[in-house]
Amino acid sequence: AQKITQTQPGMFVQEKEAVTLDCTYDTSDQSYGLFWYKQPSSGEMIFLIYQGSYDEQNATEGRYSLNFQKARKSANLVISASQLGDSAMYFCAMREGGVLTGGGNKLTFGTGTQLKVEL
Amino acid sequence: EAEVAQSPRYKITEKSQAVAFWCDPISGHATLYWYRQILGQGPELLVQFQDESVVDDSQLPKDRFSAERLKGVDSTLKIQPAELGDSAMYLCASSETGTGVTDTQYFGPGTRLTVL
């Protein structure tokens, strides 16, 4: 089974509108971390936001917020007030295990969602 | 702002040739990772270093790939001989400790390899 599933290969949004990028995950670990990265056409992976499995509040970083629904195993990225510069590939990733379980630090990535912001 | 440095940014080579990529992590970061990203897919871990030691190389094709981080700082990834299927983006990342759920990985700009 896929550990990270991103079901939207491509998304379009109008400038200044909000957009939600979907991510579901599969793990049996109690301790895990969820990450979103942005990859422009230049290729660099840019860290956007992090959510820990024990965090009770949804993470926010500027215009980015993470809609974390633990029971549904979903960690959707919400981008508010979209800008043309937001056009890029977006990856959801998970790291299982942590200090208590002694797990590794390997990130497992989804297949990504290509976001296009239009005027 | 501290960044992960990689070189070269682009590399074109012929199959059966040797290629090498270099990565300099964020200063003070103990953990260094090499990922391979095939077009249209997410990155996949090739090798992870904790200081100078390899802690995970289970997905590294060891018959042709090698990686080293001799002094626990910068790292080199080598492919010899290169094959057509090695065409991909090679990404280096670093993180502060390598442990714990809050340890974030920061990526460099990548090396885009084309094997002809």
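Every chain is numbered from 1, with letters handed out A, B, ... down the list of sequences.
- Taking a 6.0 Å sphere around NZ of B:Lys78, one finds it holds 12 or fewer heavy atoms contributed by other residues, nucleotides or ligands.
- Hydrophobic clustering (ILVMFWY, side-chain heavy atoms < 4.5 Å, transitive): B:Val54 and B:Leu46 are in one cluster.
- Residues of residues 78-87 of chain A lying within less than 4.5 angstrom of chain B, judged on heavy atoms, are absent.
- Contact of the B:Gln41 side chain with the A:Thr111 side chain is not registered, since no non-hydrogen atoms from C-beta on lie closer than 4.5 Å.
- More than 12 heavy atoms of other residues, nucleotides or ligands shown are found within 6.0 angstrom of CD on B:Glu52.
- The list of side-chain hydrogen bond (donor to acceptor under 3.5 Å, both in side chains) pairs with a residue in residues 5-19 of chain A, not counting sequence neighbours, reads A:Gln8-A:Asp22.
- Taking OG1 from B:Thr104 and CG from A:Leu107, the interatomic distance works out to 9.0 Å, rounded to the nearest 0.5 Å.
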Which pairs of donor and acceptor atoms, one on a side chain in residues 109-116 of chain B, lie under 3.5 Å apart (sequence neighbours left out)?
residue: B:Thr111; atom: OG1; partner: B:Pro8; partner atom: O; Å: 2.5

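- With a 4.5 Å cut-off on non-hydrogen atoms, A:Gln39 touches chain B through its side chain but not through its backbone.
- A:Met45 approaches B:Pro43 most closely through the heavy-atom pair CE-CG, 4.0 Å.
- Inter-residue side-chain proximity for B:Glu44 and A:Thr108 is flagged as unmet; no heavy-atom pair is nearer than 4.5 Å.
- With rounding to the nearest 0.5 Å, the separation of CD in A:Glu44 from CE in B:Met89 is 9.5 Å.
- Inter-residue side-chain proximity for A:Phe91 and B:Gln37 is flagged as met; some heavy-atom pair is nearer than 4.5 Å.
- Residue B:Leu60 is not grouped with residue B:Tyr33 when hydrophobic side chains (ILVMFWY) are merged at heavy-atom distances under 4.5 angstrom, including chains of intermediate members.
- Take B:Phe107 and apply the ring pair (Phe, Tyr, Trp, His ring centres under 6.0 Å) test, not counting sequence neighbours, and it matches A:Tyr37, B:Tyr35.
- What you find for B:Asp103 and A:Arg95 is that their closest heavy atoms are O-NH1, 2.7 Å.
- Cluster membership for A:Leu21 and A:Val13, using ILVMFWY side-chain heavy atoms within less than 4.5 angstrom, is shared.
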